[in-house]
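Below is one structure, written out as structure tokens; comments come after it.
What you see below is based on every heavy atom in this structure, not just the backbone, and it leaves out hydrogens, waters and symmetry mates. Note that the coordinates shown come from a computational prediction; the quantities given were computed from them, not determined experimentally. We name chains A, B, ... by the order of the sequence lines, and we start the count at 1 in each one.
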Amino acid sequence: MKIINAGGAKKWSTLVHNGVVFPPPYKPHGVKMLYNGQPVDLTPEQEEVATMFAVMKDTEYASKETFINNFFTDWRKILGKTHVITKFELCDFTPIYEWHLSEKEKKKQMTSEEKKASREEKSQQDEKFMWAFVDGVKEKVGNFRVEPPGLFRGRGEHPKMGRLKRRIRPSDITINIGEEAPVPVCPIPGESWKEVKHDNTVTWLACWNDPINEKDIKYVFLAASSSLKGQSDKEKYEKARKLKDYIRSIRANYTKDFRSKDQRKKQIAVATYLIDKLALRAGDEKDEDEADTVGCCTLKVENVTCLPPNKLQFDFLGKDSIRYYNTVEVELAVYEAIKEFCAGKKKGGHVFDKLDTTKLNAHLKDLMPGLTAKVFRTYDASITLDTILNKETTDGTVDEKAKVYQRANKEVAIICNHQRAVPKSHDSQMNKLNEKIDELTAQRDQLNVELEKANKLLSKKAKKRKLVGSDGDAKRRRKLTPEMLQKKLSQVETRIVETDNHKNNKEDLKTVALGTSKINYLDPRITVAWCKTHEVPIDRDKHFTVLNKLF
DNA sequence: ATGTACACTTAGTACCTCGCAA
DNA sequence: TTGCGAGGTACTAAGTGTACAT
């Protein structure tokens, strides 16, 4: 018997769960697309794939050549050699797209009771799959739903985008479950699981091969709120914290090697420096059939520009094809070393040609037990969060303190290069805020005029009263007193400042994704400690409330 | 030393929900 | 009552890193 994961520790003693939920079978709609202007008959299977493409009309993918070619190639396999459809250019998916829009509209038009009812029905069906028992403890399952068929949405310039991701069947699925637990009933009549195993050195409940990349495996894991996930999360942050004790000697170590005669040592030193200073990812080698992205070890000469006297400009696509664009001042020795590594190499050549992630990590392990490249990102995040929170938190309202936390969160996100697409509604929201500010400013000006008038009137009246003893007329009495106007004025002024801050904050964060760092990089213990010290209720944030219980 | 299978973390986006202001 | 924005969840792609085979 092949022993898999032999070194892996035991993760559980008993494991009980109910398997996975399959997406419902395809329901044909019968809407005919056009080919060369004529309606065409499609079998349900053919129609299903056509529909997958049709509904993506308003995405970027729909106009990408690679996507279209891959889709069409896979679809034609299903259409068969003799089918009338042979040219993509003659296909008109609009009828199906419009059907899709009207279905969407129908759903939107449902009353809130109907929506609620169907939601409840669904959650009732899902209920038994949502939970697992790990060593007798009820834990939430993460992704118990099997991925539905669809067109592959690879990020960046992925050579496989648009390929048909076929339907997963029970015979694709391996179930991992406790020996004594009942094997989940296969929910599709007449079919059965590929395999049932009882491996307690792993944490997954089910897996199948990714149909796009057959050598890749998709897993069903427990949710982040489970103690198994919480445990390894805690270990991750503990390791990052330990790096604090080692960082001085690690830095001394690589600094010494910047000028090493041994090219490999020198490259390791410079790479470690970049990972430490810039929180770059390790950068594993990638296959030809994946998007062309890089990390530290895979940086190519064209990704780094040396700007005299000692600046480096980085420009490359990293994970998820997110652009990393940054100019930094580095130690002169690093600058010289990079220049030397790049010298004489052709475009596409690796800056660190004597290096890969395995070698780098092996070296890091010598410096600190369990140290790998990714720990530096967690470490950087922890240091940044801690520093900003300590430096910037002042006595003030809870809202003001929360703003400080958000600023720290933002800095971490920037360091980790967590970006997002500018929200679709960004421009219109900015316009609205500008209009709001204009409106408030006009209000303010108006109030100032009124206030001035009211004050004048008051002093006039005072004079008059001395002379005549007037009690003022009814019309005047309805007007606001200067005090009231003053109060209103300061309210408006506050709102102007608030709205302006809100606007600037929104603009500032339009391309920054805060969520990833919050979930994966901000040590909950730092957050919780800060909340306690500064009397910010932890339950303001659901994420940390959950983790607080777990940690 | 290098390649690869496997397991697990990290990532951005689409969508959904809920509370609030208009 | 509605429409909208913030914030959360679901989804699944894309990384990292280890163990083992070659």
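- The shortest distance between the side-chain N/O atoms of R119(A) and the OP1/OP2 oxygens of dT17(B) is below 4.0 Å.
- Closest to the side chain of E147(A), from the set dT12(C), dA11(B), dA7(B), is dT12(C).
- Taking atom CD1 of I217(A) as the reference point, atom C1' of dT9(B) lies 16 Å away to the nearest angstrom.
- The side chain of R145(A) has dC11(C) as its nearest neighbour among dC11(C), dT10(B), dA14(C).
- Distances from the side chain of H418(A) to the nucleotides dA6(C), dG12(B), dC6(B) place dG12(B) closest.
- Rounded to an integer number of Å, the gap from CD of E290(A) to P of dT16(C) is 11 Å.
- Contact check, K229(A) against dC8(B): no side-chain N or O comes under 4.0 Å of OP1 or OP2.
- For the pair T293(A) and dG15(C), the criterion of a side-chain N or O lying under 4.0 Å from OP1 or OP2 is met.
- Applying the 4.0 Å criterion to OP1 and OP2 of dA7(B), one finds that K11(A) has every side-chain N and O outside that range.
- Between S232(A) and dT9(B) there is a side-chain N or O to OP1 or OP2 distance below 4.0 Å.
- The OH atom of Y219(A) lies 11.5 Å from the CH2 atom of W208(A); values are rounded to the nearest 0.5 Å.
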Worksheet entry | Verdict with supporting geometry, D541(A) and K518(A), salt bridge (Lys or Arg N to Asp or Glu O under 4.0 Å) | CA-CA 11 Å; D541(A) 189 301; K518(A) 186 173 117 179; 3.0 Å; yes

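- Computed from coordinates, the D284(A) CG to dT2(B) P distance equals 14 Å when rounded to whole Å.
- The phosphate of dG7(C) (OP1 or OP2) has no side-chain N or O of K518(A) nearer than 4.0 angstrom.
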Discussion item. Would L547(A) and K549(A) count as a side chain to side chain contact (heavy atoms under 4.5 Å, CB included) here? Give the steps.
Written reply: CA-CA 5 Å; L547(A) 290 194; K549(A) 284 182 198 143; over 6 Å; no

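- Ranking dT10(B), dT12(C), dG8(C) by closeness to the K319(A) side chain, first place goes to dT10(B).
- At the heavy-atom level, A291(A) lies nowhere under 4.0 Å from the strands shown.
- Note on K359(A): a side-chain N or O is less than 4.0 Å away from OP1 or OP2 of dT2(B).
- At a threshold of 4.0 angstrom between heavy atoms, the contacts of Q429(A) are confined to the sugar-phosphate backbone, with no base atom among them.
- One distance of note links OG of S226(A) with CG of D233(A); it measures 10.0 Å at 0.5 Å rounding.
- A sub-4.0 Å separation between OP1 or OP2 of dA6(C) and a side-chain N or O of K506(A) is present.
- Close to dA11(B), at under 4.0 Å from its OP1 or OP2, lies a side-chain N or O of Y521(A).
- Between the C1' atom of dA13(C) and the CH2 atom of W208(A) lies a distance of 13 Å, rounded to the nearest Å.
- For K374(A) against dT9(B), a side-chain-to-base donor-acceptor contact under 3.5 Å is absent.
- Considering only side-chain N and O atoms, K432(A) lies under 4.0 angstrom from the phosphate OP1 or OP2 of dG5(C).
- Cation-pi geometry between K165(A) and F152(A) is not met: the NZ or CZ atom fails to fall both under 6.0 Å from the ring centre and inside 45° of the normal.
- Note on S425(A): every side-chain N or O is 4.0 Å or more away from OP1 and OP2 of dC4(C).
- As judged by a 4.0 angstrom heavy-atom cut-off over every strand, G295(A) is placed among residues making no nucleic acid contact.
- For T357(A), no side-chain nitrogen or oxygen approaches OP1 or OP2 of dG17(C) to under 4.0 Å.
- At whole-Å resolution of the value, CG in D233(A) and P in dT9(B) are 8 Å apart.
- When the side-chain nitrogen and oxygen atoms of N361(A) are compared with OP1 and OP2 of dG17(C), one or more of them lie within a distance under 4.0 Å.
- The separation between L514(A) atom CG and dG12(B) atom P is 11 Å, rounded to whole Å.
- Phosphate contact (OP1/OP2 of dG17(C), side-chain N/O of R281(A), threshold under 4.0 Å): absent.
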